[in-house]
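One structure is given here, and the rest of the page talks about it.
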Amino acid sequence: MGIVILLIMLAGVVLMLTRKLPTAFALVLLGVAVALVVGAPLTGEASVFDTVLQEGSARLAATMIAILLGSWLGKLLDETGIAGTLVRKIVEFGGDRPTVVALGVLGISALVGTVTGSAPAAMLAGIIGIPAMIAVGVPKVTAAGTILMGIAAGMPFELPVWQFFSTALDLPVDTVRGFMMRLFPFAAFFAVLFVLVETRRRGVEHTWSLRSFDARPDRRPSRRERLGDAPWYALFTPAVPLVLALVLDVAIIPSLLAGVLFALVTTTRPRDMNTRLLRTLYAGFEVAAAPIALFVAIGVLLAAVQLPDAVTALEPLVEAVSPQNPVLFVLVFTALVPLCLYRGPLNVYGLGAGIAGVLIAAGIYPAVAVLGLTASYNQVFGVADPTSTQTVWSAQYSGVSPQQVMVRTLPYVWCVALGGLAVTAALHL
């Protein structure tokens, strides 16, 4: 039975890799197929309809709300000019020094990455940051990689990610936060190393410059109107939810809501607040729709692979290939890092979520060790996967291919994963 389930999962990977089916649809079909293969009834306890589809689809509801709030806050950062102002200030400070400008954009990308992820984060930092870097001579591939490495450096502080791992792995948020704090130094170090090495290794390449801002023909606009600058105190918006959740131990959803309110109050006149709130909320729904659909599907797959009969069938197979020795754990799973690319079987936002569920349900590894494994892989997927939306957008906006970005960034994020796996093995195995 376990072999049959693995074959079904392999078929799902093929469908996702060949793009015959969207990832979310493929995961739902996988969940239903696994449940049927292990003999789950259609209704009742541990059933296809009630357990897998009904309970599974709502399993990650808290994560979906966090994703929506993060997208809402991201839209506010965009519309109010907060993100653009942050990037412009860094570019002005860096002048014509490529490495300084790239390091500044890297820092802003990390800050934006704590608020929201995926393509919206890349756009917030990259719409101004990428042409600014290229204008001062940063190579195109390095410019795209800088945005992605920065977002990944901020990912350990991204509150929706904390919520996802907490809910999916049934761990307290404090436990997730504790591991993320240990993962952050690796992500930050190799992000900075990427900029320092790549900006020097390829030299300066002058290609194209920032667009000029057009003035209205009827009057001379002010500097804030011309550049879209937000008030200086509004620039603290990305730090508000982070400080609340990390320092004051406020729950994730209230922390994100506080960030939304802070951005609104510090940038918007009272008479315009209602309109801006609704407009950015609806725009946030559009941004959040795709990841929410994916999290619904992940919940379905998690519910299916954690059915008692599915765990019984998969346990001997998974146990046979899962190293228990800490050194082997690090070596084996470091070697398997490429399997989280191209929506592979170890991608936590795909089939990897199901494998993580099996590892926990079967008692192969403690949940916190599975957290270390999946969070370390997530650092790789978020930067180097040519199929991830942030990688595709950053590469295309820079005028290069996602595969070029993957080749350049993969060695660095592979080292980040190695660091995370080593910490996991040292502390939890």
Side-chain angles (χ1 to χ4, degrees), residues 74 78 83-84 86-88 90-91 94 97-155 158 187-211 338 340-343 378-417:
D78 182 23
L86 285 168
V87 177
R88 274 191 292 270
I90 291 298
V91 172
R97 295 168 291 181
T99 302
V100 176
V101 171
L103 285 173
V105 174
L106 179 80
I108 298 302
S109 300
L111 191 60
V112 170
T114 67
V115 173
T116 185
S118 194
M123 292 177 186
L124 285 171
I127 284 177
I128 296 175
I130 287 175
M133 286 187 284
I134 294 175
V136 297
V138 176
K140 293 180 178 180
V141 178
T142 304
T146 297
I147 296 293
L148 296 168
M149 294 294 293
I151 294 172
M155 196 183 302
E158 188 182 343
F189 173 80
F190 284 103
V192 172
L193 185 66
F194 171 84
V195 172
L196 295 178
V197 172
E198 296 299 326
T199 54
R200 285 171 168 76
R201 187 168 70 90
R202 295 296 298 267
V204 175
E205 296 179 4
H206 289 290
T207 50
W208 49 291
S209 61
L210 284 165
R211 297 176 182 176
C340 70
L341 301 176
Y342 289 98
R343 304 286 174 178
N378 193 38
Q379 292 294 129
V380 179
F381 165 77
V383 175
D385 189 344
T387 67
S388 66
T389 54
Q390 65 267 31
T391 305
V392 172
W393 184 89
S394 299
Q396 291 179 344
Y397 191 68
S398 301
V400 296
S401 72
Q403 288 75 20
Q404 288 176 285
V405 176
M406 177 189 70
V407 170
R408 193 68 58 79
T409 58
L410 184 57
Y412 299 91
V413 289
W414 206 326
C415 291
V416 176

Do you know which two heavy atoms are closest between [X] and [Y], and how far apart they sit?
{"X": "Y412", "Y": "V197", "answer": "OH-CG1, 3.4 Å"}
{"X": "V405", "Y": "A144", "answer": "CG2-CB, 3.9 Å"}
{"X": "I128", "Y": "G84", "answer": "CD1-CA, 3.7 Å"}
{"X": "A187", "Y": "Q379", "answer": "CB-NE2, 3.6 Å"}
{"X": "S394", "Y": "I130", "answer": "O-CD1, 4.0 Å"}
{"X": "I134", "Y": "A143", "answer": "CG1-CB, 3.9 Å"}

Between [atom1] of [X] and [atom2] of [Y], what distance do you get to the nearest 0.5 Å?
{"X": "M123", "Y": "T389", "atom1": "CE", "atom2": "OG1", "answer": "8.0 Å"}
{"X": "S109", "Y": "Q390", "atom1": "OG", "atom2": "CD", "answer": "12.0 Å"}
{"X": "M133", "Y": "I90", "atom1": "CE", "atom2": "CD1", "answer": "12.0 Å"}
{"X": "M155", "Y": "L148", "atom1": "CE", "atom2": "CG", "answer": "9.5 Å"}
{"X": "L106", "Y": "T99", "atom1": "CG", "atom2": "OG1", "answer": "12.0 Å"}
{"X": "L196", "Y": "L103", "atom1": "CG", "atom2": "CG", "answer": "5.5 Å"}

Would you find a donor on one side and an acceptor on the other, under 3.5 Å apart, between the side chain of [X] and the backbone of [Y]?
{"X": "S388", "Y": "G382", "answer": "no"}
{"X": "S398", "Y": "V141", "answer": "no"}
{"X": "Q403", "Y": "P386", "answer": "no"}

Any non-hydrogen side-chain atom of [X] less than 4.5 Å from a side-chain atom of [Y]?
{"X": "V112", "Y": "L86", "answer": "no"}
{"X": "V413", "Y": "F190", "answer": "no"}
{"X": "F194", "Y": "T142", "answer": "yes"}
{"X": "V380", "Y": "V416", "answer": "no"}

One pair to check against side-chain contact (heavy atoms from CB on, under 4.5 Å): L410 and L341. What are the steps and the verdict?
CA-CA 10 Å; L410 184 57; L341 301 176; 4.2 Å; yes
